[in-house]
Amino acid sequence: MNHRTTVLRAVAASTLAVVVAAVPSTATAGGGKGGGKKGSYEGSAGGSSKDGVIRAETKVTVTTDGGSRASTGTLTPSNSNWTPPACWYEPSFSPKEIETAVNTWRSIDGFVLRGVGAMVGDMLDHRYKNGHPYKDYNLDKQGEGMFWAAVKNPKRKDDPEANACDKQPFWVDEGEPPKEPLAVSPKVLAEYAYDELPVPDTEIEMAPTDRSTVNLPTWIWLDKAKFKKRSVTASLPGTGLSATTTAEPVSLHIDPGTADAQTYPASGECAINADGSIGEPYAKGKADQTPPCGVSYLRATGDDGPFPLRATVTWKISWTSTNGQGGDLPDGTFGTTQDVTVREIQSVNR
């Protein structure tokens, strides 16, 4: 192999998916359940400029129930070894779309580097036309299945794991399950929805509100209207695949920001009340009582500034799907930090 051929192959591999991204989606793709039939969605090519794998943009859609997605945080899984999937495979291209991609490669010959388009076209033809393993782009199976392609989770596309889906598009007959462990499934959709849960900011109510006093309890609570179940449904149009992931608040953890403090309860874990609230609002006359959720600081703040009190809500995560599958996912946490100034008790001499 001469130097020119080696260079052309390297250029072809690095630009394959980028150029395919410009291919128009002219044929409808039915997501493996009747590709090319009326009512199905359009395939779209995309991909990586590093490994030459033809990828697609995911078609997964999400809907929320239980709150707006504005001004919300992202859950941190309690299991540090678990994250939502960074990539998977889903039905993306019909036979006509694969053929269009190859023809488009040949049409660009001379616009980038002469010979590149023809060479990449030959490489794609070897796989999709000449029987290695597909013959004539599977055009005789138009509407009977789809080419499944790798997609990256839009929120995790920069994760190294996003490149784990590195197979070129492969064929799956309509109604047949793909023989691929990373193929999209109800559980994959449920895990994808995990990242989309509309978790509210954990801004606690406190009394006293301006500053706390040494050895006197500070009451802490959260509004029941704000902390309620939140659900997200992730669906893949044209496939019948759908999963709903639900987050339910179960406790609030109080970290006073200093070891010189006492939390109520002693564990710092404030349970959710029956009505969905956390703790109890302070009322006049309760200054000397022990709050169900709160903290007492044992020393005043000094020159080093206020104490960073952190309030973290733990959410229990579960999922269900249209095919009856379901289960639990790792609990998620989300918290915020508030500065607390503590003063000494002022005595009055008469």
Side-chain angles (χ1 to χ4, degrees), residues 16-17 20-21 25 29-35 40-63 74-75 77 79 81-94 97-98 101 127 145-197 232-245 317-330 332:
L16 173 61
V20 170
S25 299
K33 297 280 187 180
S40 54
Y41 63 88
E42 297 287 328
S44 71
S48 168
S49 60
K50 295 181 179 179
D51 56 14
V53 175
I54 300 176
R55 292 185 170 88
E57 298 296 326
T58 183
K59 296 294 182 181
V60 174
T61 60
V62 295
T63 56
T74 299
L75 287 174
N79 180 353
N81 295 320
W82 182 89
T83 60
C87 72
W88 58 87
Y89 296 91
E90 65 183 55
S92 304
F93 306 113
S94 71
E97 288 171 326
I98 292 295
R127 175 174 174 80
M146 292 292 295
F147 284 100
W148 287 49
V151 302
K152 294 184 178 183
N153 185 333
K155 286 195 172 184
R156 301 182 180 273
K157 60 183 179 181
D158 295 327
D159 290 2
E161 293 81 5
N163 294 318
C165 302
D166 57 3
K167 294 181 180 179
Q168 295 286 16
F170 55 89
W171 181 260
V172 178
D173 285 324
E174 180 182 342
E176 292 294 325
K179 299 176 181 179
E180 167 53 54
L182 296 179
V184 68
S185 66
K187 188 174 182 181
V188 167
L189 293 176
E191 293 174 339
Y192 176 80
Y194 191 108
D195 262 351
E196 300 289 331
L197 285 164
V232 168
T233 298
S235 305
L236 186 58
T239 67
L241 294 178
S242 179
T244 298
T245 300
I317 314 298
S318 61
W319 67 280
T320 58
S321 66
T322 49
N323 67 357
Q325 289 182 295
D328 294 327
L329 294 173

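Counting from 1, the numbers follow the sequence of the chain as shown.
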Legend entry - Residues that Asp328 engages under salt bridge (Lys or Arg N to Asp or Glu O under 4.0 Å), provided they are two or more places apart: Lys316

Inset, instruction - Heavy atoms only: give me the nearest Pro91-Val184 pair and the separation to one decimal. - result: CD-CG1, 4.4 Å

Legend entry - Listed partners of Trp88 passing side chain to side chain donor-acceptor pair (under 3.5 Å), at least two apart: Glu90

Inset, instruction - Go through the steps to decide whether Val53 and Gln168 satisfy the test side chain to side chain contact (heavy atoms under 4.5 Å, CB included), and finish with yes or no. - result: CA-CA 6 Å; Val53 175; Gln168 295 286 16; 4.1 Å; yes

Inset, instruction - Would you confirm whether Glu161, through its side chain, and Pro85, through its main-chain N or O, come within 3.5 Å as a donor-acceptor pair? - result: no

Inset, instruction - Evaluate the side chain to side chain contact (heavy atoms under 4.5 Å, CB included) criterion for residues Trp148 and Glu180: first the C-alpha distance (whole Å), next the side-chain angles of each, then the deciding distance (0.1 Å), finally the verdict. - result: CA-CA 10 Å; Trp148 287 49; Glu180 167 53 54; over 6 Å; no

Legend entry - Those residues that, when tested against Phe147, pass ring-ring contact (aromatic ring centres under 6.0 Å, His included) (two or more places apart): Tyr128, Tyr134, Trp171

Inset, instruction - Kindly give the heavy-atom pair with the smallest separation between Lys59 and Leu236, and that separation in Å. - result: CB-CD1, 3.7 Å

Inset, instruction - Would you check if Ser235 and Leu189 make a side-chain contact, meaning some heavy-atom pair closer than 4.5 Å? - result: no

Legend entry - Pairing residues for Thr233 by the side chain to side chain donor-acceptor pair (under 3.5 Å) criterion, not counting sequence neighbours: Thr244

Legend entry - Closest heavy-atom pair and its distance - Pro77, Pro330: CB-CB, 4.5 Å

Legend entry - Val60 to Ala234 - nearest heavy-atom pair and separation: CG1-CB, 4.0 Å

Legend entry - Test side chain to side chain donor-acceptor pair (under 3.5 Å) applied to Asp159 - qualifying residues, sequence neighbours left out: none

Legend entry - Rounded distance (nearest 0.5 Å) linking atom CD of Glu191 with atom CH2 of Trp319: 8.0 Å

Inset, instruction - Over all heavy atoms of both residues, which pair between Pro169 and Arg127 is shortest? Give the atoms and the distance, please. - result: O-NH2, 2.9 Å

Legend entry - With Arg156 via side chain to side chain donor-acceptor pair (under 3.5 Å) - residues at least two apart: Asp195

Inset, instruction - Check whether any side-chain heavy atom of Tyr192 lies under 4.5 Å from a side-chain heavy atom of Pro154, and answer yes or no. - result: yes

Legend entry - From CG (Leu241) to CD (Gln325), nearest 0.5 Å: 9.5 Å

Inset, instruction - Kindly compute the distance separating CG (Asp158) from CG (Asn163), expressed to the nearest 0.5 Å. - result: 9.5 Å

Inset, instruction - State whether the side chain of Thr245 and the backbone N or O of Leu197 hold a donor-acceptor pair below 3.5 Å, judged by distance alone. - result: no

Legend entry - Side chains of Arg55 and Lys152 in contact at under 4.5 Å (non-hydrogen atoms): yes

Legend entry - Nearest non-hydrogen partners of Asp166 and Tyr89, listed with the distance: N-OH, 3.1 Å

